[in-house]
Amino acid sequence: MSTGANRAWWPLVDSLVEVPGVSVPEQSPTPYWTKQLLSEEEADAIHHQVIAQYPQKQLSRVYRWDGQGDEVNTDSRYTHYYDIMSLPNSREIEQRFNAAVEECAQTWWKKSTVPVYPPQILGYEERCHFRTHCDNSIWVNGAWNRNDPARDITALLYISDCVPTVTRHNQHSGGELIMDNIQTPNGPARIQPRKGQFIAFPSHPVYRHQVSPVTRGYRIAIVNWWSLR
C-alpha cells in the first residue's frame, strides 16, 4: 500500500469579493491533501460489507439554514448513512484516518488534531447528490456564519471508483467532488473519487463543495471532521 503524500495546488479566486463574510487566511493551505490510504482489496472488502447493509440504510440528515436542528431534505442532500461500527475493522480505519489528518495538519499548520465525531459512512445510489455547502458555516443574510466551531478540517476516504462507464461492482459514474471556489484552467476543481484515496481540506467557506449526482452504480465514502489544537 502506498503511503506517500501527493499534494495538488490551484490558485484561490478572490473569495473576499465572491463570497461575502469570508476571510481568506494569509497563509492558505493548498486546496486539498491526498494520499492512498487503503489498498484496492481493502476498499473492495469495505464496499462489500456496506452493500450487505443496504436494506437497513438510513437517509442522512442536514442542518436547516437557520442552524437550529436538522431535517431530512433530499433537495439539499440525498445520501444514505451507515454506522462505521458496522465494519469489523472500524478501529483500524479510524486509526489510519486520524494519522493521515494529523500528517496534513502538521504540514499545513504545525498543529495537532482531534476528531469531532466517529467517522460516518455515506452511500450515494443513482440520483443521490450533495448540493454546494460548507462544513462549518451556513449562509445567512448574505454571508457565511460559522455554526460549528469544532470543525476545522474535513476529510474523506473513498471506497469506490468514479469511472465514465461502470463495468464492475465497486464503480460509479457521476458523484464527483466539486470545489466551486477552487479554480483550474478548466473551471472549478473536479475530483474523481478513487477507491482507497484519502482527501483532506479545511472546513472553511473558501473550500465550499458539492457532490454531483451519481448516474450509475453506488458511491461509498467515509467522512469525518477534526479540530485543530
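For clarity, every value in this text was computed on a predicted model and none was experimentally measured. We number each residue from 1, following the sequence as shown.
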> Using the benzene-type ring in the case of Trp, are the ring centres of H209 and F201 under 6.0 Å apart?
Replying inline: yes
> Hey, do the aromatic rings of Y218 and Y54 have their centres closer than 6.0 Å?
Replying inline: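 Yes; Y54 has its ring centre under 6.0 Å from that of Y218.
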Is there a donor-acceptor contact under 3.5 Å from the side chain of [X] to the main chain of [Y]?
X	Y	value
S227	A150	yes
N170	I159	yes
D83	M85	yes
E92	E94	no
Q171	R168	yes
T154	W225	no

Would you indicate whether [X], at its atom [atom1], is surrounded by more than 12 heavy atoms from other residues, nucleotides or ligands within a distance under 6.0 Å?
X	atom1	result
E40	CD	no
H169	NE2	yes
R91	CZ	no

Under-4.0 Å salt bridge between [X] and [Y]:
X	Y	result
R131	D75	no
E103	K35	yes
E126	R219	no

>> One pair to check against side-chain contact (heavy atoms from CB on, under 4.5 Å): D148 and R151. What are the steps and the verdict?
In response: CA-CA 6 Å; D148 192 331; R151 297 186 189 188; 2.9 Å; yes
Residue pair [X] / [Y], side-chain heavy-atom distance below 4.5 Å:
X	Y	value
N98	P115	yes
P205	R146	no
E102	S112	yes
Q106	K111	no
K195	Y158	no

Just checking, any donor-acceptor pair under 3.5 angstrom between side chains of [X] and [Y]?
X	Y	answer
Q192	R194	yes
D152	W226	no
S137	N145	no
T34	Q197	yes
D180	Q210	yes
S86	Q49	no

> Please walk me through it: do R208 and M179 pass side-chain contact (heavy atoms from CB on, under 4.5 Å)?
Replying inline: CA-CA 6 Å; R208 67 187 190 269; M179 293 187 174; over 6 Å; no
Hey, any chance [X] and [Y] share a hydrophobic cluster, counting ILVMFWY side chains that come within less than 4.5 Å of each other, even indirectly?
X	Y	value
I222	L59	no
I178	Y207	no
F198	W109	yes
Y81	Y124	no
I84	V101	yes

[X] versus [Y], closest heavy-atom pair with distance:
X	Y	value
I220	S160	N-OG, 3.0 Å
W33	A100	NE1-O, 4.4 Å
H133	W144	C-CH2, 4.4 Å
L228	A105	CD2-CB, 3.9 Å
A200	C104	CB-SG, 4.1 Å
K57	Y82	CB-OH, 3.6 Å

Atom [atom1] of [X] and atom [atom2] of [Y]: how far apart are they, to the nearest 0.5 Å?
X	Y	atom1	atom2	result
L177	I199	CG	CD1	6.0 Å
N89	Q95	CG	CD	10.5 Å
E176	H129	CD	NE2	15.5 Å
L37	L156	CG	CG	12.0 Å
R190	C162	CZ	SG	9.0 Å
H48	Q53	NE2	CD	11.0 Å

>> If you apply the rule side-chain contact (heavy atoms from CB on, under 4.5 Å), what do you find for Y78 with R127, and how did you get there?
In response: CA-CA 8 Å; Y78 181 16; R127 304 181 310 282; 4.0 Å; yes
> Is there a side-chain contact (heavy atoms from CB on, under 4.5 Å) between I93 and I46 once you walk through the steps?
Replying inline: CA-CA 10 Å; I93 294 171; I46 294 172; 3.5 Å; yes
>> E42 vs R96, test: salt bridge (Lys or Arg N to Asp or Glu O under 4.0 Å). Steps then yes/no.
In response: CA-CA 13 Å; E42 289 172 320; R96 292 197 207 179; 2.8 Å; yes
